[in-house]
Protein chains: 2
Amino acid sequence: MSKNMKAQKAEETRSILLKEAENLFALRGYDAVSVDDICQAAGVSKGGFYHHFSSKEALFLELLDRWLSHLDEELLKIESSTSTVEEAIARMTDVAGYVIEQAEGSYGILFEFWNKARHEEKIWQSAVSYFERYRKFFLKILKKGRENGEFQPFDLELYSQIMVSLAVGVFLQAALDPRGSDWKASLRRMIGIILKELKSAQA
Amino acid sequence: MSKNMKAQKAEETRSILLKEAENLFALRGYDAVSVDDICQAAGVSKGGFYHHFSSKEALFLELLDRWLSHLDEELLKIESSTSTVEEAIARMTDVAGYVIEQAEGSYGILFEFWNKARHEEKIWQSAVSYFERYRKFFLKILKKGRENGEFQPFDLELYSQIMVSLAVGVFLQAALDPRGSDWKASLRRMIGIILKELKSAQA
DNA sequence: TTTCACAAACCGACTGGTCGGTATATTACC
DNA sequence: GGTAATATACCGACCAGTCGGTTTGTGAAA
């Protein structure tokens, strides 16, 4: 232990609180989870909690930030590391599939974000801008495909909206009913159909 | 006043409570709305509230029932009154558009249903069966189209899943950001594209 | 037609309990 | 000894639901 044992332990306490809170929020919802619940799950006292976070809401916002920056990283990785357009779309679909998978193991925290977004300005802005970014990212890829001659040159805005809407719709159903279908595979096939259409359609 | 003034008044009180509660739930969410809030909005005392409803939850369930049976009625109407498959799909899309429109004027109560569904078995069953019914209804229409020779004979299950997912995804985005786009028109165009694909695709 | 007993409708103060957050004490590392 | 980290006891606000009591239409007897 080279440096500061105490600070290290504190960091750990903090991340345990975050992890347990995320679990509980995803499982039972923000409102139904009390600070005491989080403390108990994390094995930390209330004083400890409020030493690390100024409020329950602040912790929630930090979870949101982490999620969004994680997704941003993924988008950047895709942008920089894929060569063909088709491959980029496939990777995007995989990311969406990953999100869907997280909804399975009690990790439906994204749903909780959307839910709170309806009633809290700050979170709302994050959520809306996230959809926007996702859609624009798809659009950028599609435009690149058009320039390559891979896709027909029309209505790309609508097509990117379709892809995001499909992902959102599938995610919501998956969050609600994880075992109702193989959602990840469904989404992949859906996107496949849209892509095929894009390639063959006449304007 | 022919019959029973008192019963009539009571009925009115009850429906005012339902209406105001629906408004408030849609606007601020189930948890954030107290029974006192509902009573105040409706101009009814707490005793009055509990005279009509056994609990806050019971009122919520009644709202859910009303919504679902309303949608069922619409589906039945479509089934019995449309002749061509294309027309049926257009009408389905209109119904979805109607739901989206309701999300605009603070009537995002459907979102509240989905949200509660995650944590309450009873509501969850309703929500899941509703998706199921919606998808099966689309499928039935598509199969009819296949028999007519209007559509190609393959993958209809996936196509009906696509349509429902699109509707759900668009609805969620519309509930979150009503003015972000003309969601109703978007959905119509999206469904149009899927239909075109269905007609022309080769298996 | 008037009276009156009854029940449905309604009222609002109150209760038991929960929850987010705070104030204060204690510990352990620097 | 001072400071960051953690613990414990506690506060005030709120909230779903209860309860004893009051109003008001109704229907039947007088």
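Just the heavy atoms: all of them, side chains too, but no hydrogens, waters or symmetry mates, feed the values below. In what follows, every chain begins at residue 1, and chains take the letters A, B, ... in the order their sequences are listed.
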Novice: Counting the benzene-type ring for Trp, do B/Tyr130 and B/Trp67 have ring centres under 6.0 Å apart?
Specialist: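 Ring-ring flag for B/Tyr130/B/Trp67: false, centres at least 6.0 Å apart.
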
Novice: Quick test of your reading of the model: are A/Arg188 and A/Asp94 salt-bridged, counting only N-O distances below 4.0 Å?
Specialist: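 A salt bridge links A/Arg188 with A/Asp94.
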
Novice: Can we say B/Lys116 and B/Glu57 salt-bridge, meaning some charged N sits less than 4.0 Å from an Asp/Glu carboxylate O?
Specialist: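 B/Glu57 and B/Lys116: salt-bridged.
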
Novice: Suppose we screen for side chain to side chain donor-acceptor pair (under 3.5 Å). Which residues come up paired with A/Arg66, at least two apart in sequence or across chains?
Specialist: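 Residues passing side chain to side chain donor-acceptor pair (under 3.5 Å) with A/Arg66: none at all.
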
Novice: Which is it for A/Asp72 and A/Ser69 under the side chain to side chain donor-acceptor pair (under 3.5 Å) test, yes or no, and what are the steps along the way?
Specialist: CA-CA 5 Å; A/Asp72 275 349; A/Ser69 46; over 6 Å; no

Novice: Which parts of nucleotides 8-21 of chain C does protein reach within less than 4.0 Å, heavy atoms only, written one letter per nucleotide 5' to 3' as B for base, S for sugar-phosphate only and - for none?
Specialist: BBSBB------SBB

Novice: Rounded to whole Å, please give me the gap between CD in A/Glu11 and P in D/dA4.
Specialist: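 Computing the A/Glu11:CD to D/dA4:P distance gives 16 Å.
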
